[in-house]
Each structure stands twice: as C-alpha cells, then as structure tokens.
Protein chains: 4
Amino acid sequence: MKRRLRMGMVGGGQGAMIGQVHRLAAQMTGRFELTAGSFSSNRQKSYDSGKELELPVERVYGTYREMLKKEARLPEDQHLDFVAIVAPNNMHYPISMAALDAGFNILCERPMTTTLDEALNLRRKLREKKLRFCLTTTGTGFPMLLEARELLRQGRVGEVRKAVIECPQGWMATRLETAGNRQAGWRTDPRRAGPSGCLADAGAHGVDLLRFVTGLQIVQVCADARACIPGRQLEDDGSVMMRLSNGAHALLWASHICVGETQGLTLRIYGDKGAVVWSMARPEQLLVHAVNSHSQLYRAGDTGLSEPAGKTCWLPGGLPEGYLEALANIYRDFADDLDLAAAGKPIPAQLPYPTIDDGARSVAFVDAVVRNLKPENTEKWTGVETVD
Amino acid sequence: MKRRLRMGMVGGGQGAMIGQVHRLAAQMTGRFELTAGSFSSNRQKSYDSGKELELPVERVYGTYREMLKKEARLPEDQHLDFVAIVAPNNMHYPISMAALDAGFNILCERPMTTTLDEALNLRRKLREKKLRFCLTTTGTGFPMLLEARELLRQGRVGEVRKAVIECPQGWMATRLETAGNRQAGWRTDPRRAGPSGCLADAGAHGVDLLRFVTGLQIVQVCADARACIPGRQLEDDGSVMMRLSNGAHALLWASHICVGETQGLTLRIYGDKGAVVWSMARPEQLLVHAVNSHSQLYRAGDTGLSEPAGKTCWLPGGLPEGYLEALANIYRDFADDLDLAAAGKPIPAQLPYPTIDDGARSVAFVDAVVRNLKPENTEKWTGVETVD
Amino acid sequence: MKRRLRMGMVGGGQGAMIGQVHRLAAQMTGRFELTAGSFSSNRQKSYDSGKELELPVERVYGTYREMLKKEARLPEDQHLDFVAIVAPNNMHYPISMAALDAGFNILCERPMTTTLDEALNLRRKLREKKLRFCLTTTGTGFPMLLEARELLRQGRVGEVRKAVIECPQGWMATRLETAGNRQAGWRTDPRRAGPSGCLADAGAHGVDLLRFVTGLQIVQVCADARACIPGRQLEDDGSVMMRLSNGAHALLWASHICVGETQGLTLRIYGDKGAVVWSMARPEQLLVHAVNSHSQLYRAGDTGLSEPAGKTCWLPGGLPEGYLEALANIYRDFADDLDLAAAGKPIPAQLPYPTIDDGARSVAFVDAVVRNLKPENTEKWTGVETVD
Amino acid sequence: MKRRLRMGMVGGGQGAMIGQVHRLAAQMTGRFELTAGSFSSNRQKSYDSGKELELPVERVYGTYREMLKKEARLPEDQHLDFVAIVAPNNMHYPISMAALDAGFNILCERPMTTTLDEALNLRRKLREKKLRFCLTTTGTGFPMLLEARELLRQGRVGEVRKAVIECPQGWMATRLETAGNRQAGWRTDPRRAGPSGCLADAGAHGVDLLRFVTGLQIVQVCADARACIPGRQLEDDGSVMMRLSNGAHALLWASHICVGETQGLTLRIYGDKGAVVWSMARPEQLLVHAVNSHSQLYRAGDTGLSEPAGKTCWLPGGLPEGYLEALANIYRDFADDLDLAAAGKPIPAQLPYPTIDDGARSVAFVDAVVRNLKPENTEKWTGVETVD
C-alpha cells in the first residue's frame with residue numbers, strides 16, 4: 001500500500017474555483033491527501049476554508065510564509081511532499097521561491113510567473129535546490145492530445161508547416177469585473193493577473209500545448225490586441241502571428257469577449273505529410289488528416305491508441321471524460337515523479353507534464369507579446385527570449 | 001463539519017471497471033468514505049482488492065452475507081450508512097434483499113434485478129423496512145438532461161408525441177467473450193446478465209431516461225432482436241417500438257455490434273410545442289426546438305439555466321465534464337437524502353435520483369420485451385406490467 | 001453536338017415545387033429541353049404554366065391524355081423522347097400506363113404507384129413495350145451515397161447485420177393542410193397521396209436507398225404509426241422494423257411532426273467488417289467505420305474516390321452541392337440511357353438509377369406496412385411481396 | 001414572357017472549371033442564354049469550346065478583342081446584354097476596359113483586377129460609361145449569409161468588436177503545379193494570378209464577405225505569409241491581422257497547404273450584443289449568439305427568415321443547396337438589374353451583389369497586404385487605400 005502524498009495548498013480558499021478543481025483532481029487519483037493549507041491572503045478566510053475542508057486547525061495558516069516556515073520543521077512522517085500553488089498569478093513567483101527555500105517540491109498553476117525575470121530566477125533556484133516542479137497546463141492531460149503528440153513523434157504529420165490555435169471565450173463580453181464577478185475581477189487586474197489578459201490566460205495555454213505536441217519553440221511574435229470594454233485595463237481580445245523554430249508559421253487568437261463562445265481551445269497542426277486537429281469541445285476525438293488519403297477520426301477507446309493516450313483514459317471509450325480527469329492525469333504523473341524522487345530513482349528525461357522550462361518558455365512568449373504590443377513599438381516582429 | 005458517510009461495497013473488485021467508477025464518483029463528492037467491502041465472489045480476490053483499497057483487514061469480507069452479518073452488529077459510530085451494490089446483475093436481488101434484512105440503506109447499479117418478481121419483492125421489502133434505495137441510472141446525473149426535464153415540466157415541449165432513443169455501441173462486434181474480455185464475458189452470459197443483452201443494458205438505460213425526463217410510462221412494447229454473433233446467447237442488437245401512457249409513440253434501438261459507434265446514448269423527445277435532443281456524445285449541449293421558432297442551443301454554463309442543471313455543473317461553462325461527474329451528482333443527492341434520513345427529516349416526494357419504483361419499471365420494461373421476443377409469441381404488442 | 005432530348009412534362013404547374021425542381025435539374029445537365037407539357041389537372045392553369053415556361057402554345061395541353069395522343073402523332077424530329085411525370089402520387093399509374101401505350105419512355109417521381117397491383121401491372125406493360133423507365137429516387141444521385149454502394153460491393157462493410165434509416169421532418173407539426181399549405185394538402189389526402197403518409201413519402205425513400213446501397217431486399221415488416229394531428233387521415237409519424245433477405249435486421253423511423261428536424265435522411269449500415277453512415281444533412285461526407293481501426297471520413301473531392309462518386313461531383317471538393325445536383329445526376333444517367341436506346345445499343349444490366357423493379361419493390365414495402373398497420377391485424381410480422 | 005438576356009463569355013473554355021460553373025449558374029436562373037464567346041487565348045481551343053457549347057460558329061471568336069468589336073456592331077435584337085469575364089485574373093482588367101469601351105455591361109469573376117491602379121481606372125471608366133458591373137463574390141449568394149447581413153442591420157450583433165475569417169484549403173499541399181494540375185498552375189503563377197496567392201484567392205473572398213455583412217471597411221493590415229512548397233512563387237499560406245473602420249479588430253487566415261481541409265470558408269463576427277457564425281461547410285446554418293441568452297441555430301427554411309434569405313432559397317428547408325445555387329442567385333440579381341437598366345428604371349442604391357466599389361476595395365486590401373509583406377518593409381501596420 002502506497003503512502004498518500006501530503007499536499008499543502010496555497011490559495012484556493014472559499015469561492016475560488018481553481019482551488020476546488022485542484023483538490024478534486026488530486027482526490028480522483030487516490031494518491032494525495034490535503035494535509036495543510038494557507039488558503040487566502042485574508043487570515044480569517046484561510047481559517048474558515050481550512051475548517052470547511054476538515055483540516056486540523058494546526059495545519060491551517062494565516063499566511064503562506066507562516067505555513068512554509070512551520071511545515072518545514074515538522075518531522076519526516078508529517079512533512080509535506082509538495083506545495084500546490086493556486087494563488088493569484090502575481091503570487092506564483094514569491095510563493096514558489098519561498099517554497100523552494102523551505103525545501104518543498106512544487107505544483108503550480110500556470111502562468112508560472114508574470115515576468116520573464118521571475119521565471120528565470122525561479123528556474124535557477126530550482127536547479128540549485130534539486131527539487132521537483134510541475135506546471136499544471138491542463139490541456140496536456142487530455143488523452144487525445146497525448147495521442148496527437150505521439151503521432152507527431154512517429155512522423156505522421158511530417159515537417160510542421162502551419163499551426164492555428166483558437167481560444168475564444170465570451171463570458172467577459174460585458175463588464176463583469178465591476179459587477180462583483182470574482183473571476184473577472186482578478187483576470188482584469190494587472191496587479192494580480194500580470195501584464196496580459198486573454199493572451200496570457202487562454203492564449204498562452206494554447207501556445208503551451210502547441211509546444212508540447214510539436215516540440216517546436218516560438219521564435220518571433222507579431223501581435224494585435226485591445227481591451228474592447230471601456231475601462232478594462234488588460235486586453236480582452238487579441239491575435240498573435242508566430243514564427244516557429246523550424247521556420248513554420250503559427251497563429252493564435254484568444255478572446256474573452258467572443259459572445260457565445262465557450263468551448264475554448266482548438267489546436268490545428270498541419271505538416272507536409274498530414275495534420276492533426278484537436279478541440280477541448282470534443283476532447284475524446286482527434287481528427288487526423290493525411291496527404292492523398294481519407295481523413296481519420298481517432299477516438300478515446302479506439303483499439304490501437306498509443307500507450308500515453310491509452311493509460312490516461314479513465315473510462316471505456318464512449319463514456320465522456322472532461323477537464324477534471326485531464327488535470328487528475330497530471331497529478332498522477334506528478335505523484336509518480338515524487339515517488340521516484342523519494343526512492344532516489346532518476347526521473348525520466350522527458351517528463352509527461354510541463355516542466356519549469358516549459359513554464360519559462362510560456363512566460364517568455366507572453367513577455368515578447370507584451371513588448372510587441374507596446375504603443376511605442378513600431379517594429380513588426382519581436383523576438384522571444386530563448387530558454388534552454 | 002459533516003461526517004463522511006460510511007460506504008460498504010459489494011462487488012467491484014480488481015479488474016471490475018464499474019467498482020472503480022463508483023469509488024471515484026463517491027470520492028469526488030467528498031461526502032463518503034469506503035469503510036468495508038466484499039469485493040468478489042472469490043474470497044481471495046476480495047481480500048486482495050480490499051488491501052489494494054487500503055481498507056483495514058477486519059472490514060474486508062469473503063462473502064457479502066458475512067459482511068452484512070458482521071457489519072450489522074457494529075456500534076453506531078462504525079455502522080455503515082449504506083451498501084453500494086456493483087456485483088453482477090443476477091446478484092443485485094439477493095444482495096439487496098439481504099442488505100435490507102440486515103437494516104442497510106442501498107445504492108445499486110442498474111438493472112435493479114433480472115426478473116420482475118424479484119423487483120416487486122424487493123420493492124415490497126423496502127417499504128416494510130423504511131430504508132433508502134438509490135438506483136444509479138447515470139444519465140440522470142448529467143446537467144443538461146436535468147435541464148431537459150425542467151423544460152418539459154415548464155411545458156416547453158408541450159404534449160409529448162414521439163420519442164426516439166438511440167443506444168448504439170460497437171465494441172462487441174466480434175466475439176470478445178471467448179477472447180478473455182471480462183466485460184463481454186458477463187454481458188453475454190444469461191446467468192450473470194439476466195435474460196436480455198443490449199436491450200437491458202444500454203437500451204433500458206435509455207428508456208429509463210425517457211421516463212425520467214417526461215414522467216410518462218411505457219405501456220406496450222413490440223420488439224425485434226437477435227444475437228448477430230454465432231454462439232452468443234443474448235441479443236446484441238435490437239429494436240423496440242413503444243406506446244406511452246399518454247398515447248405517444250416511442251422507439252428504441254440498442255446494439256453492441258454497430259461497428260464504429262461509441263457515443264452511445266441519444267434521446268430525442270418531440271411534442272406539440274417543441275422538442276429536446278440530448279446526446280451523451282456532447283453532454284454539455286441540449287438542442288431545444290420550438291414550433292415556428294429558430295432552434296436554440298443550451299449549453300452548460302449558459303446564464304439562465306434551471307436550478308437542477310446549474311447546481312450539478314462542477315466547472316464553469318466550456319470546461320468539459322463527463323460520466324464520473326454525472327455519477328458523482330447522483331452520489332451527492334443520495335448523501336443529502338441519507339443525511340435527511342439520519343436527521344429524521346422527511347425526504348422530498350420526488351427524489352432527484354431514480355427510486356425503487358423507477359427500478360421496477362425498468363425491469364418491467366425488459367420483462368415485457370423478453371416476452372414479446374419469445375419465439376412462440378406471435379402477437380404484435382405485449383403489455384408492460386404497471387408499477388404504481 | 002448531341003441533340004437535346006425532348007421532354008414532355010405531366011404535372012408540375014404553377015406553385016408545384018417538384019415540377020420546378022425537375023425542370024431545374026434537367027436544365028443543369030444541358031441534355032434536355034422542355035418541349036411539351038400538361039401541367040395541371042386544371043386546364044387553364046396548365047395553359048398559364050406553359051406560357052410562363054415559354055412553351056409554344058400548341059405544345060401545351062389541357063389534359064395528359066390529349067398531350068399523349070397528339071404528341072404521339074408528331075413526326076420523329078419533333079417527337080418527345082420521354083414523358084416526365086411529376087403529378088400527384090395517385091396519377092403516376094394512369095399517366096404511366098397511358099404514356100407507355102402511346103409509346104413514350106418515362107421518368108417518374110416516386111412513389112411509382114400507390115398500390116402494388118398497379119406497380120405490377122405497370123411493370124408488365126413496360127416489359128411488353130420495351131421502353132425505358134426511370135424512377136427519380138433522388139438520394140441515389142448523391143456522390144457519397146454512390147461511394148457507400150461501391151464500398152459495400154468491395155466488401156468493406158462485410159455481411160450486413162443491421163441498418164437504421166432516419167427520416168425525421170417537422171414541418172407538418174401543425175395542421176398546415178387546413179391552413180392553405182399546398183404541399184401539406186396533397187400529402188395528407190389519401191386520394192392523392194395514396195394509403196400512407198410519412199412512411200411512404202420520406203420513409204420509403206430511405207428504404208429505397210438502403211436497397212440501392214446494399215442490394216438486399218425487405219422480407220418482412222412490423223410497423224407502428226399514427227396521425228398525431230387530430231383530423232389528419234394519413235400517418236404523420238411512424239416506425240418500421242424490418243428483416244432483410246440476408247437475415248439482417250433494419251429499422252426505419254420517419255415523421256412529419258418532429259419539431260425542429262429538417263435534415264431528413266440518415267442511413268446507417270453496419271456489417272461484420274465495417275459500417276457506413278451517410279446523411280443528407282452533410283451530403284458531401286461519408287463516415288466509414290471498420291472493426292479494430294480508426295474511423296475514416298470520406299469527402300467529396302478526396303483523391304481515391306470510386307468512379308461513380310467521382311463522376312457525379314459537379315464541383316471541386318469543398319464547394320457544397322445539393323439536392324438539385326443529385327437529381328441532375330439521375331437526369332444525366334437517363335439521358336445516357338435514352339441515347340443508347342436511340343442508337344439501338346444495349347443498356348447496362350445494372351442501371352445506375354432506380355428501375356421499374358426498384359419502384360415496384362418500394363411500393364411492395366409500403367403495401368406490406370399498410371397491411372401490417374391495419375387495426376384488424378394482430379400478427380407481428382407481415383411479409384413483403386417479392387418482386388423479381 | 002421575359003426575353004432571355006444574351007451573355008457573351010470571355011474565358012472558360014474546355015477544361016476550365018470556372019467557366020462551366022458560371023454557365024451552369026446562369027442556366028439555372030432561366031434568365032440567360034449563352035450567345036457568344038471567346039473561350040480561350042488559344043484560338044483553336046476557343047472554337048472547339050464554342051462548338052461543344054453548341055454556339056453558332058459566327059458567334060465564337062478567336063480573341064476577346066475580335067468578339068467585342070464584332071458583337072458591338074450587331075443590331076439591337078442580337079446585341080449582347082453583357083459580357084461574363086471568367087478569364088485568368090490578370091486578364092480581368094484589359095478585358096473589362098475593352099468591354100466598357102465597346103459599350104457592354106460586365107459580370108466579372110473576382111479578383112476584379114490584380115493591381116489597385118487597374119481597379120481605380122476601371123472604376124473611373126465604369127462611371128463615365130454608365131454601364132453595369134457585377135462582381136461574382138459567390139459567398140454573397142448564400143441565403144444564410146444574407147440572413148447574417150440582415151441581423152447585423154437590425155442591430156442584433158450590436159457594435160462589431162472582432163471578426164475572424166478562416167479560409168483553409170489543403171489541395172495544394174504538394175507541388176501540383178508541376179504535375180500538370182491546371183488549377184494549381186495558374187494559381188501559383190504571378191503572371192496570371194497576380195501578386196498574391198492564397199490571400200488574394202480564398203482569403204480576400206472571405207474579407208469581401210466580412211465587408212458585405214458588416215458594411216465596415218478594412219483600414220490597416222499586418223500580415224505574415226510564405227510559400228511552404230519550395231519553388232512556389234506565390235504564398236500558399238498566410239495570416240492577416242486587420243483593423244476595421246469602426247475600430248474593431250479582425251483576423252484572416254487562408255491557406256492552400258492545410259492538409260485535409262476542404263470546407264474552406266468560415267466567418268465569425270462578434271459584437272457587443274451578439275455574434276453570428278457562418279461556414280460554407282454547412283451553408284444552410286447560421287449560428288446566432290446573444291449576450292446572456294441561449295444561442296440560436298437559424299436554418300434555411302425556418303419560418304421568420306428575412307426576405308433576402310427567404311427569396312434566395314431554391315428548395316424547401318432541409319434539402320441541401322450549394323455553391324451553384326449561390327452563384328445563380330447573383331446571376332438572377334444581375335438579371336433583374338439589367339432588366340431595370342433596359343427599362344430605364346433606377347437601380348436600387350445598395351445592390352445585393354458586390355459592385356465595382358466592393359471589387360476595388362478587395363483589390364485595395366490585397367494591395368496593402370502585398371506591401372506589408374515586402375521583405376524590405378519593417379513597419380507593422382500598412383494602411384489600406386480608401387475607396388469611396
């Protein structure tokens with residue numbers, strides 16, 4: 001019987017959707033127990049949340065610093081295996097740095113940080129500390145996206161020529177942030193969300209998936225964006241043209257104001273031999289095109305799927321799965337990784353979940369987009385900082 | 001802080017898909033803990049399963065009778081709140097009867113029993129014992145199916161005229177049962193599955209949903225079916241024409257041999273004012289038609305959904321959810337019900353999850369279909385026994 | 001330069017949708033000219049229609065008998081090559097018989113006749129007269145349905161096990177026939193439409209396509225149907241379970257009252273090796289399933305389509321085509337056939353368009369359904385008369 | 001009885017797809033007759049084509065200049081009503097100018113010209129000559145696109161904020177132009193196609209539709225594009241970010257190398273009140289979104305469609321229509337216009353089909369894209385010349 005891994009959570013208190021999503025996903029794996037938490041920057045709210053989550057009172061903290069300090073001193077049989085960071089974007093960096101200093105492994109929601117300097121600092125510190133870091137880019141946990149990645153590795157798409165990423169959402173088409181909507185509140189506030197809105201939120205998630213599936217890097221960007229809602233400080237609609245490390249072109253459009261759009265994320269990758277198309281709206285499908293052949297429809301549960309796709313399916317083919325299952329797949333991978341680390345065993349070179357490098361590349365992409373969009377910039381193309 | 005409800009499981013040992021599905025769904029709600037189990041008719045397998053599930057050895061049993069006997073004697077603070085029955089179909093009845101005799105509430109996979117006599121006996125006993133019974137007809141836990149039910153209640157469809165239920169599956173298009181496939185094994189074995197194959201499995205599930213959404217009963221059936229695979233004993237393909245209690249006609253087709261079909265269940269209900277169409281292949285959508293109007297596309301996360309649909313969504317609109325989330329919704333409803341019962345409070349007249357009456361009606365439907373299909377029967381229509 | 005074939009039309013006057021559809025389709029082929037016509041049972045309306053269609057006044061007739069009589073006497077260089085019958089259903093038989101007696105080839109809208117006796121009589125007479133007969137079962141002119149037929153011939157589906165035909169329409173969900181709607185008027189009038197409503201109209205069309213694609217015959221039927229609208233004399237909703245000549249089962253549902261349904265006709269054919277699914281809602285696609293393989297999406301314009309599919313596409317892949325193009329394909333085939341006949345050349349054994357035998361089988365199917373549905377009938381299955 | 005309008009065609013000889021498409025569309029309306037033609041720059045081919053098309057030999061010409069000269073001298077009762085230009089792109093300008101000089105109305109395939117100077121010259125000359133000019137931007141003939149335009153006029157979308165145009169095609173993913181493919185041949189040849197490839201071909205067609213539906217103009221562009229196939233001279237893949245006259249942003253991506261893509265054109269328009277989404281892959285549908293409401297699915301044949309949508313449907317709802325029907329709608333509009341002109345009646349201010357101004361704006365868009373893409377250009381945004 002495997003010991004459940006002890007999870008300490010920072011952020012995700014009452015009313016925070018993402019905290020609940022992470023707890024559910026962790027719970028689904030059966031590999032974790034929520035052991036401690038600092039659930040809010042509001043001390044009372046943190047305590048209330050901990051109580052609701054049935055944590056012992058001594059493992060609930062008023063601040064993350066207090067949590068890290070006290071938890072670090074606990075004996076090995078009570079020691080947290082990792083800290084899960086689901087606080088607002090701007091807090092990812094200071095919490096991560098402090099957690100590493102306190103000796104904890106980290107699982108962190110994306111974006112990893114809100115500036116490139118932070119991302120690179122964090123990456124440096126992680127290397128020093130030889131701890132584990134998992135970025136929860138949830139899309140990477142969907143079986144058919146993993147199948148797409150395998151098909152590219154097998155050469156079924158050939159050399160990538162063009163990719164298109166669509167991330168349309170419509171829920172912020174009106175000014176929700178001044179109407180008391182919490183989610184809209186932090187997403188439109190540069191102090192909490194960072195320097196970019198929809199492009200860093202849904203958009204960079206999509207670009208992360210493009211990198212994940214193809215292994216290609218983003219080299220240059222040329223963007224357009226604006227806040228459509230008067231008074232909104234961060235862009236709620238934008239497009240980015242990209243050039244990739246192999247010379248391919250790519251295109252991203254992301255939006256928070258596309259009325260009626262909910263099924264956010266579609267990824268299309270076209271090569272000289274074939275193409276793959278995947279959408280979060282129908283996550284169980286993968287459309288596979290090939291030059292001079294009829295197109296194929298791969299589906300979760302099909303015989304002959306690759307091992308990564310097969311093992312991340314929770315249910316038999318035809319029974320729908322969703323976002324929680326995908327996030328739980330990442331948690332499970334991280335659990336395997338922590339178990340290996342605890343056993344002193346080497347970690348596979350290519351982790352299935354996004355790494356600190358992936359996180360830094362994602363931040364570098366947003367950084368380049370933000371520079372390209374600056375009003376004083378007149379140059380068409382802006383280079384993306386290399387992370388390697 | 002609410003006490004977690006103690007669940008004892010019968011069936012669902014190693015290798016049994018459905019047991020794992022139920023444990024995951026229960027776990028997702030955060031309202032239950034798996035406390036005891038008799039996981040297999042094979043004693044050793046039951047113990048191994050219990051160990052894997054990290055149960056204390058004294059709460060794992062070699063037979064369900066032993067479990068019920070010993071658990072019934074435990075003091076109140078250890079006493080099981082209910083027994084979850086995920087054993088093969090033919091065992092649902094004896095286990096349920098024994099569980100009621102031992103004083104336990106029950107959550108049971110469908111079909112409730114394999115004969116109508118059993119169903120009616122069980123119903124009588126439940127009434128005597130004044131215990132709770134929940135049938136996990138998973139489709140009833142999908143938010144947009146609940147929305148469909150509300151729309152019918154509001155009169156948006158008007159008087160129902162016609163319904164069509166499609167349950168095509170293709171995974172048993174070859175003779176898997178002799179190739180070691182466990183799932184195919186029990187589903188094609190009349191001793192374990194009961195007297196009907198695909199019509200009782202996927203098919204009756206679909207018919208249950210029709211009754212759930214419309215509140216109408218099935219009055220008469222006329223069926224055709226056969227085993228397409230030589231040597232298979234239960235039908236793997238069939239159709240049923242139905243007449244409903246309001247005079248409407250309905251049609252079911254279900255199959256295990258429709259090559260390429262995975263996204264099993266579609267429900268179409270047409271009335272004199274409008275229509276609703278829902279499919280498990282796109283569970284987040286509900287297509288709503290109206291006479292002389294443009295059709296509407298309702299989606300999970302839309303503003304203005306009914307309260308039952310809204311409260312069963314786990315995530316914001318656009319993030320896909322699936323079968324586990326739907327089953328977890330039923331578990332959560334059952335938890336509420338058990339809490340009310342424990343508090344001596346009355347249970348709402350119309351339970352959100354299917355009741356013992358629903359279960360009996362489902363068995364009565366299969367019973368009529370089986371009679372209609374008997375080779376010696378030449379009459380077109382067979383009446384369905386009334387359960388009320 | 002090929003001579004244009006001279007077409008005489010019976011029926012299809014002002015306000016009749018189907019006449020205009022036939023004229024457009026014929027025109028699209030560039031192979032026909034409308035030369036004469038008797039466009040309505042109302043003499044004045046026939047003349048008005050002919051004038052609107054720019055026919056010389058001497059080639060427009062007040063009755064079809066007059067037309068046949070006078071046209072039959074014209075010299076060869078003015079002689080009609082065929083008569084196109086688009087009159088109400090009940091007139092197909094007398095007009096066809098008279099046309100054959102007058103020595104004319106025939107193109108006729110379906111249903112061929114409204115009784116089986118008529119169908120068999122007509123078939124006998126056609127054989128005596130050695131003239132050509134083309135039934136316009138429009139579905140047979142869609143390229144991807146022809147592709148489906150070729151795949152079955154190649155064995156890609158294997159032995160057919162099950163077929164499902166869906167023909168839902170919703171436009172007659174209210175009592176249009178008493179509100180002045182012409183189309184609804186004749187379709188609900190047994191004197192003009194014949195003894196069956198939606199099952200003979202959309203339904204038998206679907207069954208014709210099943211026979212066309214598989215080459216199998218319908219052996220037995222068991223049906224349920226009713227008129228949902230009070231006062232309507234012909235069924236506006238119905239289902240038919242069928243047994244096919246190879247032992248396979250099939251299912252049809254057809255309706256005029258399924259609110260919101262427009263995209264009528266879907267055909268699903270499942271065999272022991274694979275399956276094909278085609279729908280008139282997306283006529284350019286054919287979904288092809290295979291046991292233990294990923295499904296394939298065939299599309300008009302794909303490289304590697306069969307010759308029958310390829311040559312019936314009017315435009316490059318991706319440019320949508322529709323019903324007129326499909327009907328024009330049948331007209332073109334008929335033109336080829338008439339040219340061969342005129343040249344005294346033999347006609348290919350298997351004509352691409354439906355023949356008199358197909359027409360008779362379609363009527364035999366409806367005949368069996370009507371007998372099965374008679375209130376006094378209590379037997380489940382009714383045999384379909386063999387036509388061979 | 002209306003006189004058929006006499007059409008003289010330039011281009012579109014044997015083997016040219018577009019010529020046949022135009023002749024079919026014209027024929028479908030029943031308003032035109034092909035009277036004369038100069039079908040190829042190859043004299044013999046022009047004669048052969050004319051013969052095949054059954055034109056009298058004296059109305060077939062070896063060059064367009066000869067045709068215009070001789071046809072201009074014919075008496076009024078033989079005089080061409082207009083010239084239809086379906087020659088290669090680079091010839092649209094000289095033929096149009098000569099046709100105007102010869103006193104003929106014009107219907108011309110898009111693009112109107114290959115340079116902006118040509119477009120403006122042609123526009124000036126048309127004004128002088130007071131003749132009619134119709135640009136066949138075929139998308140404008142689809143009923144549900146016309147419905148979209150009406151919804152925008154009624155304010156259902158509100159102020160446009162964002163538009164996305166997708167024009168992916170995959171048929172040129174390999175080097176067809178050196179393999180004898182005629183279509184690929186001229187499309188990749190700058191001398192015949194003009195200075196732009198997929199962006200001017202499919203792409204500008206999509207942008208034309210955006211302008212048609214919204215009435216907004218393109219003010220600035222920022223593009224990226226390349227030829228993916230070595231040796232290809234014109235871009236076969238590209239993206240354009242746009243800024244519209246009301247401040248909205250728009251995005252276009254077009255490609256000839258997106259393997260597996262056939263259903264080219266999708267148009268998405270998002271405003272502050274709602275949104276519309278239309279795709280040529282499902283031309284009979286229009287998805288209509290609204291803030292805080294369920295989305296609606298408009299379909300051809302629905303009751304309550306606008307007059308422009310209703311009158312351009314050829315068949316009852318549910319029977320598929322396609323590209324030919326759309327083009328025929330434009331031909332019919334042009335016939336109405338020519339009839340009005342012939343009767344000396346005023347032409348409605350806003351013609352339903354695209355005008356010379358629309359054609360010039362389309363060329364101005366391509367002109368700005370080509371300038372933006374020049375290697376020596378480093379500025380992000382390039383202004384589009386105003387045409388008003």
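In the text below, chain A, chain B and the rest are named by the order of the sequence lines, each starting its count at 1.
- Annotation: side chain of A/Ile229 is in contact with side chain of D/Arg161 (closest heavy-atom distance under 4.5 Å).
- Looking at every heavy atom in both residues, A/Val291 comes nearest to D/Val259 through N-CG1, 3.5 Å.
- The contact between D/Ala248 and chain A is made by backbone and side chain atoms together, counting heavy-atom distances below 4.5 Å.
- Of the two parts of A/Trp381, only the side chain, counted from C-beta on, holds a non-hydrogen atom closer than 4.5 Å to a non-hydrogen atom of chain D.
- Under the 4.0 Å criterion applied to side-chain N and carboxylate O atoms, D/Asp224 and A/Lys380 are not assigned as salt-bridge partners.
- Heavy-atom pairs under 4.5 Å with chain D peak, among A/Glu379, A/His294, A/His289, at A/His289.
- Heavy-atom distances place both the backbone and the side chain of D/Arg226 under 4.5 Å from chain A.
- Judged purely by distance below 3.5 Å, without hydrogens or angles, the side chains of D/Lys162 and A/Ser239 pair a donor atom with an acceptor atom.
- The candidate with the highest count of non-hydrogen atom pairs below 4.5 Å against chain A, out of D/His249, D/Glu159, D/Met241, is D/His249.
- For A/Asn292, no part lies under 4.5 angstrom from a heavy atom of chain D.
- Within the model, atoms CD of A/Glu261 and CZ of D/Arg268 stand 5.0 Å from one another, a figure rounded to the nearest 0.5 Å.
- Residue A/Val164 touches chain D through its side chain alone, counting heavy-atom pairs closer than 4.5 Å.
- Among A/Ser295, A/Ala223, A/Cys258, A/Cys222, the residue with the largest count of heavy-atom pairs under 4.5 Å with chain D is A/Cys258.
- The candidate from A/Asn377, A/Ile269, A/Thr378 with the greatest count of non-hydrogen atom pairs under 4.5 Å with chain D is A/Thr378.
- Contact of D/Val157 with chain A is not made at all, since no heavy-atom distance falls under 4.5 Å.
- The distance from atom OH of D/Tyr270 to atom SG of A/Cys228, rounded to the nearest 0.5 Å, is 12.5 Å.
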Checklist entry - D/Leu251 and A/Leu251: side chain to side chain contact (heavy atoms under 4.5 Å, CB included), yes or no, with the steps? => result CA-CA 10 Å; D/Leu251 182 64; A/Leu251 182 65; 4.0 Å; yes

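- With a 4.5 angstrom heavy-atom cutoff, A/Val277 touches chain D only via side-chain atoms.
- Of the listed residues (A/Ala275, A/Gly274, A/Ala290, A/Gly170), the greatest number of heavy-atom pairs within a distance under 4.5 Å of chain D belongs to A/Gly274.
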